Amino acid sequence: MRDVLVFEAPVEETTASGARKKTYSVVFQCRAQRKNQKTVGGDEQAKELFLGQMVTFVTRKYPKITYNCRVRWMDCLWEIKLIEPMKDEITLTLKKIDQ
């Protein structure tokens, strides 16, 4: 497991004026291994677009990993789309967030 995933959870803060502001703070980080994605038929351009926006990782099972977290990896933000639990591992499917 050579990739490091940084998980951020939403936190609501109140500013001096009383307005509420949603920010993300780092919850924890862990190591993960990226799974190779296989494509089946179809248009070559569509494959490249799809594979560039979605990634799949395998990591150990941590209770802090939930759907409301977002992930920072390779200087990009990723949304958790699917969490598939196994015995003591989970498979995370992530989708890139446009900024």
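Keep in mind the model is a prediction, meaning the values are calculated, not measured. Basis for what follows: all heavy atoms, side chains included, without hydrogens, waters or symmetry-related copies.
- In this structure, CD on Q33 lies 11.5 Å from CZ on R60, to the nearest 0.5 angstrom.
- Under the 4.5 Å side-chain contact rule for hydrophobic residues, I80 and F28 share a cluster.
- The same ILVMFWY cluster, assembled from side-chain heavy atoms under 4.5 Å apart, contains both V55 and I83.
- The distance from atom CD1 of I97 to atom CG of L77, rounded to the nearest 0.5 Å, is 5.5 Å.
- In this structure, W73 and W78 have tilted ring planes: the angle between them lies in the 30° to 60° band.
- T59 contributes a side-chain N or O that, together with a main-chain N or O of R31, makes up a donor-acceptor pair within less than 3.5 Å.
- C69 contributes atom SG, which lies 9.0 Å from atom CD of E8 (distance to the nearest 0.5 angstrom).
- Rounding to the nearest 0.5 Å gives a distance of 8.0 Å between CD1 of I90 and NZ of K61.
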Task: Derivation of the side chain to side chain contact (heavy atoms under 4.5 Å, CB included) call for K96 and Q53 - done: CA-CA 5 Å; K96 188 181 265 187; Q53 299 295 318; 3.6 Å; yes

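- V6 and V71 fall into different hydrophobic clusters, defined by Ile, Leu, Val, Met, Phe, Trp and Tyr side-chain heavy atoms under 4.5 Å apart, directly or through other members.
- Taken to the nearest 0.5 Å, the CG atom of L92 stands 14.0 Å off from the NZ atom of K81.
- Counting heavy atoms from C-beta on, the side chains of M54 and K95 come closer than 4.5 Å.
- Atom OG1 of T91 is separated from atom CE of M86 by 3.0 Å, given to the nearest 0.5 angstrom.
- Tracing side-chain contacts under 4.5 Å through hydrophobic residues (I, L, V, M, F, W, Y), one never reaches V26 starting from L94; they form parts of separate clusters.
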- [ ] Might you work through the side chain to side chain contact (heavy atoms under 4.5 Å, CB included) test for F7 and K64, ending with a clear yes or no?
- [x] CA-CA 9 Å; F7 292 86; K64 293 182 179 182; over 6 Å; no

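- Open room surrounds CE on M74; 12 or fewer heavy atoms of other groups in view lie less than 6.0 Å from it.
- Between the Y62 side chain and the Q29 main chain, no donor and acceptor come within less than 3.5 Å of each other.
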